[in-house]
Amino acid sequence: MELTLESGKEPLILFHFDAYDPSRHAAVHGGWWARSSEQAHYWLEKQGYVDLQIRPVPADPLGFKVKGSAMAVFYRQMAVMFPAGVPLTEALRLASYGEDRNLGSICLHLCEQIRIGRPLSHAMRFFPSVFDPVVTGLVAASERSGRLAHTLARLADVEERRYKLVRAVAAAVTYPALLSIATLALALLFLLYIFPINQELFASLHLELPAINRWVGNLVALLTSPLMPVALLALGGVVFAFWRSPERKRHLKDKVSATLSRLPPLERLTAKARALRMLEILGLLLEGGGTVDAALKFMLESTSDSKGRRVLTEVRNRIMHGEDFAKVLESTGYFPPLVCSLLDVGHETGRLVEMARKGAEICEEDVRIALETASSLLEPILLAGAGVIAGLAVITSALPMITLLQRL
């Protein structure tokens, strides 16, 4: 993975290392950014590590990611250590001992950047896929206002809630996904192995097969056609081409998200998730001394959805012309009425930060309930699909047998 930090210099490469730290009498596993393996080896030896084993990690710089659980732990560690009087560089060094090597390499690099005099927000901008513009902008504002400890605590809260929500999503789709895979596997097993055997047996008895058997037979012939591997290879090539191109992958993701979001149940869920993100950003920036205009600006920078960008641009322009924030949001129809009402009350009472935080909690709970409801509805639907496949197998096997018995 390469990362260019300054113009005119060679790009940095991520090296994973395994070593032994005599000062702690413990094995050390982590990562370090360097311009060559010799430079990485020199820095690691300078730390006192022995028995070094290093290797470069090839990857796409735009795809450099850190697990959500690791980020939640990182923000919480920083929120605890920094206010307790631990120097920022020491807190980052201690945070680098986590299980995630990528995050450990980032912590070490942030530590080195701070040691040479750069602010934390400036160092974070080297990793835009890990620290989005909202986080770096918020940290920069808190550094100027002296509220970095409070900001780290709020980021820890937000990241932990986000991680819990991601886990709730994963838990909601795991069982339906496994059931779908099992159903598909059983269907393919029946179509490709069991059904052809039955067809051959009934054909040898010169039986006129029912219409449903003929339809299933045509489907089996299509699946076993010599052109099917060619079609699968072509489809795999197209998917690989999209996967290799970040722009195409992002465009395809936007198209799929836009299509799915038009479905009524998913449309409401998407609106709640979108409102949750907006309220989190608004609350964080207003607490850090920012303005509504700054919040909308950061939301524009961190939003990849084209429709969302158009709506946020319209909202920002109308607010700059003196229109009320909550009423502008309501007129777009892009956010739930509850969010607009909460922001309107907060704006009128001067408690916009508190209402934004309360709205985020309500939206988060609504998203969780919607996921649980969707999961509970998917289970009987998928079970019904599995029952249809099982019934199809029984019917296609039983109908020719009935015809045979009638001829006897």
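Start at 1 with the first residue, then count along the sequence.
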Might you work through the side-chain contact (heavy atoms from CB on, under 4.5 Å) test for D18 and R55, ending with a clear yes or no?
CA-CA 9 Å; D18 300 290; R55 60 187 182 279; 3.2 Å; yes
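In this structure the side chain of V73 never reaches within 4.5 angstrom of the side chain of L103, judged on heavy atoms. A 4.5 Å side-chain heavy-atom check between F131 and L110 finds at least one atom pair inside the cut-off. Side-chain contact between E112 and T89 is absent, with no heavy atoms from C-beta onward closer than 4.5 Å.
For the atom pair OG1 (T151) and OH (Y75), the distance works out to 11.0 Å, reported to the nearest 0.5 Å. Rounding to the nearest 0.5 angstrom, the gap separating the CE atom in M355 from the OG atom in S341 is 9.5 Å. A distance of 8.5 Å separates OG1 in T136 from CE in M124, rounded to the nearest 0.5 Å. For the atom pair L152 CG and D157 CG, the distance stands at 11.0 Å (nearest 0.5 Å). Here the OH-CZ distance, from Y163 to R76, works out to 14.5 Å after rounding to the nearest 0.5 Å. Here the straight-line distance linking atom CG of L92 with atom CD1 of I114 works out to 5.0 Å at 0.5 Å rounding.
Minimum interatomic distance between C107 and F74 (heavy atoms only, all atoms of both residues): SG-CE1, 3.6 Å. Taking each heavy atom of A72 and E160 in turn, the nearest pair found is CB-CG, 4.0 Å. Smallest separation of non-hydrogen atoms from A91 and V86: N-CG1, 3.8 Å. Nearest heavy-atom pair across L155 and V139 is CD1-CG2, 4.2 Å.
Under a cut-off of 6.0 angstrom, the local environment of OH in Y42 is sparse, with at most 12 non-hydrogen atoms contributed by other residues, nucleotides or ligands. For CZ of R115, the number of neighbouring non-hydrogen atoms (other residues, nucleotides, ligands) closer than 6.0 Å is greater than 12.
Residues that satisfy the side chain to side chain donor-acceptor pair (under 3.5 Å) test with R93, not counting sequence neighbours, are E90, Y97.
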